[in-house]
Amino acid sequence: MSIVDARGLSCPQPVMMLLDEMAKLDKGTIEILVDTDTSKENCLRAAKTMKWQLKEVRPEGTGYRIIITKD
Amino acid sequence: MSIKNFFATSWGIIGVGVLIGIFAPLLQKFGNPGNMGVCVACFQRDIAGALGLHRAEVVQYMRPEIIGFVVGALIAAYIFREFRPRAGSAPIVRFILGIFAMIGALVFLGCPWRTLLRLAGGDGNAIFGVLGLITGVFVGTRFLKAGYDLGRSQPTHTTAGWILPLIMLGFLLLMFIYPKIPGENKSGILFYSIKGPGSMHAPLFISLAVGIVIGFIAQRSRFCTMGALRDLILFRQTHLFLGIAGLVISAFVTNLILGQFNPGFVNQPIAHTMSLWNFMGMVLAGLAFTLAGGCPGRQLFLAGEGDGDAAVFVLGMITGAAFSHNFGLASSPQGIGPHGITAVIVGLAVCLFIGFTMRKKAI
């Protein structure tokens, strides 16, 4: 499992970091930390495009922890 | 499906673009200048004029649309619990980027929003603006790919997030205390153009109401004209692009219906025909917006949801407008200003310097 900490970063960096991580891992589990709803939506959209499954989105601190997987 | 989710969908962003594309020509019908139903750069420039930060007599008016954008976004952010006060991501750099974004936009005579509206109104010169914008955004994406990074913002006090919304509400209050007096170019401390684009405006409450509605729906949908091109270039992602496509098509149709579509290159409203500088102005603006992470409208909406760094960018743009008119950098329908070319070259050099030197440290 790997963690992408995109808190405090503005567009489009959270998505770029996530895309890099998805390309690097190819499959497995990624946890993404974001602190705005915009970043959350953008990351979910990117994950869906790359055919990763959404496991969980839970509020954490002032933002969210998103967990996605691919088999 | 909740409203919250709807705006983030493809149909949501298309709907927002279509609505803006209808509202803008209507504002023009109600009195705003030609192909300038909404122009974030022009309107911030008019605000700088209303405050007397520059003394270009034809572009001085406290534009309620801008106030509405911030307030509408603030309301949406509070209703949907998205107000997150944050700041600290290289504010001085964002301020400088705001200054040069405005300088570039005023060489072309419009922000990305007005570029699209000019296109939808038949102004052929806007084609060079669009090409410039695409080029500027493309260069910006190369920096992003190479690790360009302004650093992280930090959560901060609620008060910090409220500063720009409060400034905007203060501006509105000033409009009520010192209302426009017909035929007078000054009311109390506020300047009001009596001729030129600054004298052309829709009634205050219509402008304000439309501004608030656009601010609200744009905050929900994350509508961003620069992001539309950036995401397309960077990720081949069309989500935000659907929004600007909706805007152009609906503005075009609305202009046709209202009799406001006038195809051509010469004698277009508040435009000049110096194609190279229409192009170069928007290269600079597009690059600065990309390095700052959002088009000028998006920066206002972000400021409304508590982003103090976006607020600094907005103040940079207002300052840039003052520089533009005080130093002869801004264009006019006659062509570019006496120092417009120098300003674009300096601006590009500054943006390249920022792009090359601000790289991500190992995370």
Side-chain angles (χ1 to χ4, degrees), chain A residues 1-70, chain B residues 4-5 7-10 12-13 76-77 80-90 94 140-141 144-145 147-156 219-222 224 226-227 230-231 233-240 290-294 298-299 301-302 305-307 309-310 313 360 363:
Chain A
M1 170 156 68
S2 75
I3 294 180
V4 174
D5 184 358
R7 288 173 297 184
L9 295 173
S10 50
C11 288
Q13 275 180 282
V15 172
M16 291 182 72
M17 290 167 71
L18 176 59
L19 286 175
D20 282 350
E21 200 63 24
M22 287 189 293
K24 202 167 83 188
L25 290 187
D26 197 33
K27 59 184 180 182
T29 302
I30 303 176
E31 290 196 12
I32 312 136
L33 299 168
V34 293
D35 64 352
T36 64
D37 287 78
T38 306
S39 294
K40 181 189 75 177
E41 289 165 8
N42 291 343
C43 287
L44 292 179
R45 206 175 284 124
K48 197 175 165 191
T49 308
M50 302 304 288
K51 306 210 176 345
W52 283 64
Q53 275 84 45
L54 174 64
K55 277 295 204 208
E56 193 183 352
V57 181
R58 63 166 180 264
E60 191 172 297
T62 56
Y64 301 93
R65 181 181 291 265
I66 302 165
I67 303 169
I68 57 171
T69 61
K70 191 174 187 180
Chain B
K4 182 175 178 175
N5 289 333
F7 281 115
T9 63
S10 296
I13 188 92
F80 294 93
R81 298 176 185 280
E82 289 187 10
F83 186 81
R84 287 201 175 79
R86 54 193 189 272
S89 169
R94 293 176 188 270
T141 61
L144 287 166
K145 279 204 155 187
Y148 167 78
D149 176 33
L150 285 181
R152 291 173 197 265
S153 64
Q154 302 292 330
T156 182
Q219 194 280 336
R220 300 309 308 140
S221 64
R222 336 300 183 196
C224 179
M226 182 285 295
R230 178 199 63 205
D231 290 357
I233 295 168
L234 208 51
F235 311 134
R236 305 270 175 269
Q237 217 223 66
T238 54
H239 178 73
L240 288 172
T290 310
L291 294 179
R298 179 77 185 137
Q299 303 280 357
F301 311 135
L302 283 169
E305 59 176 68
D307 186 335
D309 296 317
F313 184 89
K360 199 179 313 188
I363 293 173

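In this text, all values refer to a predicted model and were calculated from it rather than measured experimentally. In the text below, chain A, chain B and the rest are named by the order of the sequence lines, each starting its count at 1.
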Q | Shortest non-hydrogen separation from B:Leu144 to A:Met16 and the atoms involved | A |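 Between these two residues, the closest heavy atoms are O-CE, 3.4 Å.
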
Looking at [atom1] of [X] and [atom2] of [Y], how far apart are the two atoms once the value is rounded to the nearest 0.5 Å?
X	Y	atom1	atom2	result
B:Asp309	A:Ser10	CG	OG	8.0 Å
A:Glu41	B:Ser221	CD	OG	9.5 Å
A:Asn42	B:Leu240	CG	CG	7.0 Å

Give a yes or no on whether the backbone of [Y] and the side-chain of [X] come within a donor-acceptor separation of less than 3.5 Å.
X	Y	result
B:Arg84	A:Thr62	yes
B:Arg152	A:Arg7	yes
A:Arg45	B:Ala8	yes

Q. Under a 4.5 Å heavy-atom cut-off, does chain B meet the side chain of A:Thr49, its backbone, both or neither?
A.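 A:Thr49 has no heavy atom closer than 4.5 Å to chain B.
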
**Q.** Which atoms of B:Leu234 approach chain A - backbone, side chain, both or neither, heavy atom under 4.5 Å
**A.**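 The side chain, not the backbone.
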
Q: Against chain A, label B:Tyr148 side chain, backbone, both or neither, depending on which of its atoms sit under 4.5 Å from a heavy atom there.
A: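 The backbone, not the side chain.
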
Q.
Please identify, among B:Arg298, B:Arg230, B:Gln237, the residue contributing the most non-hydrogen atom pairs under 4.5 Å to chain A.
A.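 The candidate making the most pairs under 4.5 Å is B:Arg230.
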
(Q) Counting C-beta onward and ignoring hydrogens, is there a side-chain heavy-atom pair between A:Leu9 and B:Asp149 closer than 4.5 Å? (A)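 Of all side-chain heavy-atom pairs linking B:Asp149 with A:Leu9, at least one is under 4.5 Å.
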
Q) Taking side chain as C-beta onward, heavy atoms only, is B:Arg86 less than 4.5 Å from A:Thr36? A)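 Result yes, sub-4.5 Å side-chain heavy-atom pair found.
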
**Q.** Electrostatic pair A:Asp37:B:Arg81 at N-O distance under 4.0 angstrom
**A.**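 No, this pair does not count.
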
Q | Top contributor to chain B contacts, counting heavy-atom pairs under 4.5 Å, from A:Cys11, A:Gly63, A:Pro12, A:Ala6 | A |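 Max contact count across the listed options: A:Pro12.
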
